[in-house]
Amino acid sequence: MSSDNFPSDFPDLTSTQTILLEELRQNSARAVMFHQLISEKLDLNVTDHKCLDFLNRTGPVTAGQLAQLTGLTTGAVTSVIDRLERSGYVIRDKDPNDRRRVLVKPAPEGSAHISPLFQSIMQSTLAIMSDYSEQELLLILDFIRKCNIMTLVEMNKMKEQK
């Protein structure tokens, strides 16, 4: 028997809302476990792996910008960058526009190790997406974007509470 009272904490939820919340929790938990497995294969911790993911998607950024993107503190990001640099996944480089600033960018040889690990899940995701119309995909996209913004806002609230 579960001791999770989460749904009963919100008695006005419809059955669909309750099921959707449960599926979102399940999706979140499985995503964390999937990325933990990927991290182990890359010999990284999961935070470092996900910060590297941000870098691979955004391109070169400062440590402060990476902290903003991830919601981590600048101190934590500096430690992440140090570990990623030692592992050969990122390079620190002087900003060509401001030589006082340092940009962090993915090392090309590091990315070559990562892409193959995501080929199967990308193909499976694309197969799922093909089940939906363009209009349905736009609705799903809107929901996920709002969830992503909400998560960052909630992370920032939690950091302020200390």
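These numbers come from the heavy atoms of this one structure, side chains and all, not from hydrogens, waters or symmetry mates.
Residues Thr74 and Gly64 share a closest heavy-atom pair of CG2-CA, 4.4 Å. Contact record, Ala107 with Gly88: CB-O, 3.4 Å, taken as the closest heavy-atom pair. In plain terms, the two heavy atoms of Leu44 and Ser87 that are nearest each other are CD2-OG, 4.1 Å. Pairing each heavy atom of Asn97 with each of Asp95, the nearest pair is N-OD1, 2.8 Å. Residues Arg92 and Val104 come closest through the heavy atom pair CG-CG2, 4.5 Å. Taking all atoms of both residues into account, the shortest heavy-atom contact from Ile114 to Phe118 is O-CD1, 3.5 Å.
In this structure, the separation between CD on Glu23 and OG1 on Thr16 is 12.0 Å, given to the nearest 0.5 Å. For the atom pair CD of Gln17 and CG of Leu20, the computed distance is 8.0 Å after rounding to the nearest 0.5 Å. How far CD1 of Ile121 is from CD1 of Ile38: 7.5 Å, rounded to the nearest 0.5 Å. Rounding to the nearest 0.5 Å places CD of Glu85 at 7.0 Å from CG of Asp82. A distance of 14.0 Å separates CG in Leu141 from OH in Tyr132, rounded to the nearest 0.5 Å. The CG atom of Asn156 sits 9.0 Å away from atom CD of Gln68, with the distance rounded to the nearest 0.5 Å.
In the hydrophobic clustering of ILVMFWY residues, with side-chain heavy atoms under 4.5 Å counting as a link, Ile144 and Ile128 come out together. Residue Leu138 is not grouped with residue Ile140 when hydrophobic side chains (ILVMFWY) are merged at heavy-atom distances under 4.5 angstrom, including chains of intermediate members. No single ILVMFWY cluster, assembled from side-chain heavy atoms under 4.5 Å apart, contains both Leu103 and Val90. In the hydrophobic cluster analysis, where Ile, Leu, Val, Met, Phe, Trp and Tyr join through side-chain heavy atoms closer than 4.5 angstrom, Phe143 is grouped apart from Leu152. Neither Leu42 nor Val32 shares a network with the other; the hydrophobic side chains, linked directly or stepwise wherever heavy atoms of I, L, V, M, F, W or Y lie under 4.5 Å apart, form separate groups for each.
Salt-bridge annotation for Lys146 and Asp142: present, with a side-chain N of the basic residue lying under 4.0 Å from a carboxylate O of the acidic one. Classification of Arg83 and Asp43 as a salt-bridged pair fails, no side-chain N sitting under 4.0 Å from a carboxylate O. Using a 4.0 Å cut-off between charged side-chain N and carboxylate O, Glu160 and Lys157 make no salt bridge.
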- Worked verdict on Val77 versus Gln65 for side-chain contact (heavy atoms from CB on, under 4.5 Å): CA-CA 10 Å; Val77 164; Gln65 289 168 323; over 6 Å; no
- Task: Decide side-chain contact (heavy atoms from CB on, under 4.5 Å) for Ile81 and Leu66; before the verdict, give the C-alpha distance in whole Å, the side-chain angles of both, and the deciding distance to 0.1 Å.
- Result: CA-CA 10 Å; Ile81 293 168; Leu66 185 57; 4.2 Å; yes
- Message: Quick one, Leu72 with Thr47, criterion side-chain contact (heavy atoms from CB on, under 4.5 Å). Give me CA distance, side-chain angles, the key distance, then yes/no.
- Response: CA-CA 10 Å; Leu72 296 172; Thr47 301; 3.8 Å; yes
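Proximity of a side-chain donor or acceptor of Ser28 to a complementary backbone N or O of Leu24 within less than 3.5 Å is not detected. Here the side chain of Lys159 pairs no donor or acceptor atom with the backbone of Thr73 at under 3.5 angstrom. Side-chain atoms of Ser130 come within 3.5 Å of backbone N or O of Ala127 as a donor-acceptor pair.
Summarising the local packing, NZ of Lys50 is surrounded by more than 12 heavy atoms from other residues, nucleotides or ligands at distances under 6.0 Å. By the 6.0 Å contact criterion, CE on Met33 is open, its count of non-hydrogen atoms from other residues, nucleotides or ligands being 12 or less. No more than 12 heavy atoms of other residues, nucleotides or ligands shown are found within 6.0 angstrom of CD on Gln135. Counting heavy atoms of neighbouring residues, nucleotides and ligands inside a 6.0 Å radius, atom CZ of Phe34 exceeds 12 of them.
For the pair Val80/Thr70, no side-chain contact is recorded, criterion being any heavy-atom separation below 4.5 Å from C-beta on.
Note on ring orientation: taking the six-membered ring where Trp is involved, the planes of His113 and Tyr89 are perpendicular (angle over 60°, cut-offs 30° and 60°).
Residues Gln36 and Glu40 have side chains that bring a donor and an acceptor to within less than 3.5 angstrom of each other.
Both cation-pi conditions hold for Arg57 and Phe54: the charged atom is under 6.0 angstrom from the six-membered ring centre and inside a 45 degree cone around its axis.
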